[in-house]
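Read through the structure below, which is laid out as structure tokens, and then see the notes.
Residue numbers count from 1 along this sequence.
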Amino acid sequence: MDMTKRLAGQVALVTGGGTGIGAATARRLVAEGAAVVLAGRRREPLEAVAAELGDAALVVAGDAADTADVERMVDAAVARYDRLDLVVANAGGHGLGTVAEIGDQDWELGMRTNVTTAFVTVRTALPHLRAQGGSVVVVSSLAGLFAGPAVAGYVTAKHALIGLTRSLARDYGRDGVRVNALCPGWVRTAMADEQMDVLAAQRGIDREAAYRLVTRDTPLGRPVEPAEIATIVAFLLSADAAAMTGSVVVADAGAAAVDLPTIAFAPHD
């Protein structure tokens, strides 16, 4: 693919950068001319991605919900590349169970993993984003708009990320900082694979059949690939999206367009 290099000379911090959407996003941003700081709690997958990207990537392992760790990430970006323009707040996970089932510690973990990571990362990067007129993408989820069964913590946290996005957009737009939220549906990642394996075991099917089952009623009828999400992140970060801030962009193979009460009328193979 002939990339436009529309992010040439810019520097991005990508949390959760070692796998899935984060790794795909890092690859795409580098292909479009940016340098990336790959952040995450596990060094090994970060280094594997960085090995593909060469001098355009820097690994800083740490917890995106910990202010001291994020300060190290931001300082490392500036020390290596002299600037920080872009943030992809992608770290997330946890929050399974109904309200009756989730204990205090698990609830707090779900909030910390999803909401606090984005809050601390963007807050720490803000001085540089304001100086550069930078851009942020907060990765929420279709669960930030709708509720799935027995994922109350995850749903609540992903909804909160949309509120955080809008607050940031409202407060810092006059500084030239743009902040948009991205809500993917089912994306073929390691985390989604784990959920498919649970469903597969329940139904006596394999993983691919589970993916087909959960996407059966979406207009495109398939899961989204991480690289497809990465293209949207790159667009939102770029000047091509200069008129967009506080927006909530859905990338779900059309799931949110479906009128649920009419599914019974749809033919199925």
Side-chain angles (χ1 to χ4, degrees), residues 1-64 69-70 72-93 113 117-118 121-122 125 128 132 134-139 141 182 184 186-194 196 207-208 211 222-241 249 251:
M1 184 178 295
D2 181 22
M3 302 300 180
T4 63
K5 301 295 184 183
R6 58 188 166 180
L7 300 176
Q10 299 190 59
V11 178
L13 171 61
V14 181
T15 65
T19 60
I21 291 172
T25 295
R27 295 182 185 104
R28 178 71 186 216
L29 300 187
V30 169
E32 297 218 17
V36 295
V37 176
L38 297 166
R41 288 177 294 175
R42 296 180 295 135
R43 177 172 290 275
E44 184 175 342
L46 298 172
E47 290 182 340
V49 176
E52 302 175 33
L53 303 178
D55 291 341
L58 174 66
V59 169
V60 185
D63 182 354
D69 280 2
V70 180
R72 286 194 300 105
M73 298 169 191
V74 171
D75 289 347
V78 175
R80 173 78 170 265
Y81 300 113
D82 296 321
R83 59 191 294 160
L84 178 62
D85 308 86
L86 313 169
V87 170
V88 182
N90 171 67
T113 304
T117 51
T121 299
V122 179
H128 300 281
Q132 300 292 347
S135 182
V136 177
V137 171
V138 175
V139 180
S141 168
L182 178 58
W186 282 114
V187 181
R188 195 187 294 274
T189 64
M191 184 183 299
D193 285 350
E194 291 176 2
M196 293 307 108
R207 179 185 293 172
E208 288 305 309
Y211 271 117
R222 63 171 179 85
V224 178
E225 298 298 328
E228 294 176 299
I229 299 299
T231 65
I232 302 170
V233 175
F235 163 72
L236 290 172
L237 291 174
S238 77
D240 287 346
V249 178

- Message: So, taking the atom named CZ in Arg188 and the one named CD1 in Ile21, what distance separates them when rounded to the nearest 0.5 Å?
- Response: 13.5 Å
- Task: Taking all heavy atoms of Pro226 and all of Gly20, pick out the closest pair and write down the distance.
- Result: CB-O, 3.8 Å
- Apply side-chain contact (heavy atoms from CB on, under 4.5 Å) to Ala56 and list each qualifying residue two or more places apart in sequence or on a separate chain. Val30
- Query: Gly92 and Met191: which non-hydrogen atoms are nearest, and at how many Å?
  - Reply: O-CE, 3.9 Å
- Matching residue for Leu236 among Val138, Thr231, Val249 - test: side-chain contact (heavy atoms from CB on, under 4.5 Å): Val249
- Can you see which heavy atom on Ala234 is nearest to which on Glu32, and at what distance? CB-OE2, 3.8 Å
- Task: Dump the intermediate steps for side chain to side chain contact (heavy atoms under 4.5 Å, CB included) on Tyr81 and Leu58, then the final yes or no.
- Result: CA-CA 10 Å; Tyr81 300 113; Leu58 174 66; 3.9 Å; yes
- Can you pull the salt bridge (charged side-chain N to carboxylate O under 4.0 Å, His left out) pairs that have at least one residue in residues 15-27, sequence neighbours excluded? Arg27-Glu52
- Item | Arg28 side chain vs Ile229 backbone, donor-acceptor pair below 3.5 Å | no
Could you pull out all donor-acceptor pairs under 3.5 Å where a side-chain atom in residues 33-46 meets a protein atom, sequence neighbours excluded?
{"unit_1": "Arg43", "atom_1": "NH1", "unit_2": "Glu47", "atom_2": "OE2", "d": "3.4"}

- Message: List the residues meeting side-chain hydrogen bond (donor to acceptor under 3.5 Å, both in side chains) with Asp193, not counting sequence neighbours, and say none if there are none.
- Response: Arg207, Tyr211
- Val224 and Ala251 have their tightest heavy-atom pair at CG2-O, 4.2 Å
- Nearest heavy-atom contact between Val49 and Ala26 is CG1-CB, 4.5 Å
- Query: Run the salt bridge (Lys or Arg N to Asp or Glu O under 4.0 Å) check on Arg72 and Asp75 step by step: do they pass?
  - Reply: CA-CA 5 Å; Arg72 286 194 300 105; Asp75 289 347; over 6 Å; no
- Note on the structure: Nearest heavy-atom approach of Ala64 to Val70 is O-CG2, 3.3 Å
- Query: OG1 of Thr117 to CG of Asp69: how many Å apart, nearest 0.5 Å?
  - Reply: 12.5 Å
Name every donor-acceptor pair, under 3.5 Å, that has one atom in a side chain of residues 82-91 and the other anywhere in the protein, sequence neighbours excluded.
{"unit_1": "Arg83", "atom_1": "NE", "unit_2": "Asp85", "atom_2": "OD1", "d": "2.9"}
{"unit_1": "Arg83", "atom_1": "NE", "unit_2": "Asp85", "atom_2": "OD2", "d": "3.1"}
{"unit_1": "Arg83", "atom_1": "NH2", "unit_2": "Asp85", "atom_2": "OD2", "d": "2.6"}
{"unit_1": "Arg83", "atom_1": "NH2", "unit_2": "Gln132", "atom_2": "OE1", "d": "3.1"}
{"unit_1": "Asp85", "atom_1": "OD1", "unit_2": "Val11", "atom_2": "N", "d": "2.9"}
{"unit_1": "Asn90", "atom_1": "ND2", "unit_2": "Thr15", "atom_2": "O", "d": "3.2"}
{"unit_1": "Asn90", "atom_1": "ND2", "unit_2": "Gly16", "atom_2": "O", "d": "3.1"}

- Message: Donor-acceptor check, side chain of Thr121 to backbone of Ala118, threshold 3.5 angstrom: yes or no?
- Response: no
